[in-house]
Amino acid sequence: MFFQVIDVLGTIAFAISGVLVALNKKMDPFGVLIIAFVTAVGGGTLRDVMIGVNPVSWMTNMTYVYVIFGATIFAILLRSKINYLRTSLFLFDTIGIGLYTVVGIEKGIGAGLHPIICISLGTMTACFGGVLRDILCNEIPVIFRKEVYATACIIGGLTYFLLRKFMADSNLIFVIAIIVVIVIRLIAVKFKISLPSLYKKEVE
Amino acid sequence: MFFQVIDVLGTIAFAISGVLVALNKKMDPFGVLIIAFVTAVGGGTLRDVMIGVNPVSWMTNMTYVYVIFGATIFAILLRSKINYLRTSLFLFDTIGIGLYTVVGIEKGIGAGLHPIICISLGTMTACFGGVLRDILCNEIPVIFRKEVYATACIIGGLTYFLLRKFMADSNLIFVIAIIVVIVIRLIAVKFKISLPSLYKKEVE
Amino acid sequence: MFFQVIDVLGTIAFAISGVLVALNKKMDPFGVLIIAFVTAVGGGTLRDVMIGVNPVSWMTNMTYVYVIFGATIFAILLRSKINYLRTSLFLFDTIGIGLYTVVGIEKGIGAGLHPIICISLGTMTACFGGVLRDILCNEIPVIFRKEVYATACIIGGLTYFLLRKFMADSNLIFVIAIIVVIVIRLIAVKFKISLPSLYKKEVE
């Protein structure tokens with residue numbers, strides 16, 4: 001139940017981030033809705049397709065569809081005031097990527113895959129919705145350039161597998177790994193830490 | 001037989017639309033062919049991958065391959081005169097999206113999915129070939145911005161499920177839903193109806 | 001063993017080509033790594049997803065992961081000197097697409113598909129990593145515009161099926177087809193042969 005609430009909050013944050021990018025690109029309502037969907041479910045879809053889960057998860061759980069519809073309409077109607085919600089959305093988003101990372105990892109474990117592949121799947125689940133959003137909007141994906149976003153997922157994933165060596169309580173491991181992702185992202189944003197572009201050094 | 005003819009006409013229209021966009025991007029013959037293929041079969045491929053049909057449909061039916069090859073060569077050779085065919089192509093395309101929408105819906109029903117998901121699959125089948133074409137050509141997908149295209153598919157899909165509550169003849173439902181898609185698109189283009197961009201309101 | 005060496009060399013060449021494009025786009029280290037991965041395994045992933053191999057191949061063989069990691073770190077560290085390796089990388093890349101083409105074709109044969117589809121799968125395996133790389137970097141895929149790249153794969157694929165009519169030794173066919181791809185690409189680059197853009201003729 002608790003995780004379902006997080007999942008819904010994360011889906012809302014992802015969908016709204018899609019709406020905001022799509023509105024900036026002057027899309028029509030249908031385009032906005034599609035981008036919201038792709039942002040919210042794109043990462044999980046890619047993961048499911050690559051490990052052979054079909055139909056992909058969101059197609060068999062209508063909760064996602066209703067939440068994304070609702071969030072999209074909400075964000076379109078309140079788009080001039082959405083700035084007031086920026087902090088909440090950032091928190092939802094951050095909690096969401098924590099959850100999605102660990103969900104992706106556990107799906108990879110369920111498919112019998114190597115820890116590194118599982119961490120890739122977790123990171124993909126958390127990040128590739130945003131990547132697909134940016135591609136559809138004809139932008140270079142923002143997470144490839146600016147944010148400590150995937151890095152937080154990767155470190156959370158490493159923590160997950162490290163803890164599995166020492167702890168037996170899988171629920172606790174699940175929660176700790178999520179918290180690691182969240183804390184790293186919060187610290188990175190708070191102190192404006194980001195990975196450097198490697199470009200400048202190249203032209204030295 | 002009748003539906004196969006529609007299917008071939010739709011495939012021709014989609015392939016030629018791919019050729020025209022690719023020529024504008026100064027692609028070489030191979031690039032043009034690939035874009036024609038992706039436009040014609042991209043939507044169905046995405047649908048099949050997401051519901052777990054593999055190999056994807058066009059790989060096991062050579063008709064598509066031959067039709068797309070033929071349409072591509074035809075469009076390249078006659079590219080300076082293709083404007084004369086614009087109305088025919090528009091009609092083929094419109095009939096094609098009607099058919100593909102309903103085919104996608106019925107594949108979703110066959111996979112036991114919820115009506116809303118089925119309508120999404122139908123719309124995806126009809127529209128995402130064009131979306132992939134635009135992404136490969138580095139454009140923001142045109143259907144996200146200008147056309148009453150997906151909207152026609154969605155309304156056609158809603159009609160399909162509405163009719164299923166009242167009618168038993170599945171062939172008739174199939175045909176009516178296709179006609180609904182076609183009529184809406186024709187009316188929208190005739191009267192230049194399109195969904196508004198939400199952007200302007202945003203900056204009010 | 002011999003083919004594994006080729007496979008590793010090809011993977012290195014593909015990963016490094018991804019690194020170089022990503023660095024030019026001023027990506028951070030994480031973005032560079034992702035682009036390297038996508039370039040190296042993207043074509044095979046698309047092929048596997050479309051014919052229903054899952055989990056996709058690279059997820060069950062850690063060699064690819066380690067090689068791509070290594071090649072990425074190597075290319076980032078030596079990025080100012082990578083020009084000295086340009087010829088070696090071009091050769092690795094060329095040998096790589098030869099191998100990947102034929103591997104893709106044989107996977108298609110294994111799935112019982114038509115020769116034309118098998119050649120498409122082979123070409124996709126060899127070329128679509130680069131296509132995905134360019135899409136993620138917000139470029140029109142270079143192989144659609146300039147290079148005799150896919151053309152070499154297609155001719156190699158045709159050779160493969162032609163030889164199967166006359167020869168029984170499948171290993172020999174495998175090797176000859178690879179060599180055909182390599183030779184065509186080398187000749188094309190040596191003599192600066194490329195397919196013409198069809199655009200100019202269009203505006204005549």
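Just so it is clear, the structure is predicted and the values come from calculations on it, not from any experiment. Each chain gets a letter, A, B and so on, in the order the sequences are listed, and its residues count up from 1.
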Heavy-atom distance under 4.5 Å between the side chains of Val32(A) and Phe144(B), does that happen here? no

Is Val65(A) in contact with chain B via its backbone, its side chain, both, or neither, using a 4.5 Å heavy-atom distance? side chain

With only heavy atoms counted, which part of Met62(A) is less than 4.5 Å from chain B, the side chain, the backbone, both or neither? side chain

Go through the atoms of Leu33(A) and report whether side chain, backbone, both or neither lie under 4.5 Å from a heavy atom of chain B. neither

In Å, rounded to the nearest 0.5 Å, how long is the span from OH of Tyr64(A) to CD1 of Ile117(B)? 12.0 Å

Could you report the tightest heavy-atom contact between His114(B) and Tyr66(A), atom names first, then the distance? NE2-OH, 3.6 Å

If you tally heavy-atom pairs under 4.5 Å between each of Ile51(B), Asn138(B), Ile140(B) and chain A, the highest tally belongs to Ile140(B)

Given a strict heavy-atom distance threshold of 4.5 Å, which part of Ile34(A) is in contact with chain B: side chain, backbone, both, or neither? side chain

Contact summary for Pro55(A) and Leu113(B), nearest pair of heavy atoms: CG-CD2, 3.9 Å

Taken to the nearest 0.5 Å, the spacing of Met50(B) CE from Trp58(A) CH2 works out to 4.5 Å

Side chain from CB out, backbone as N, CA, C, O: work out which of these in Val131(B) comes under 4.5 Å of a heavy atom of chain A, or both, or neither. side chain

To the nearest 0.5 Å, atom CD1 of Ile135(A) lies from atom CD1 of Ile135(B) at 7.0 Å

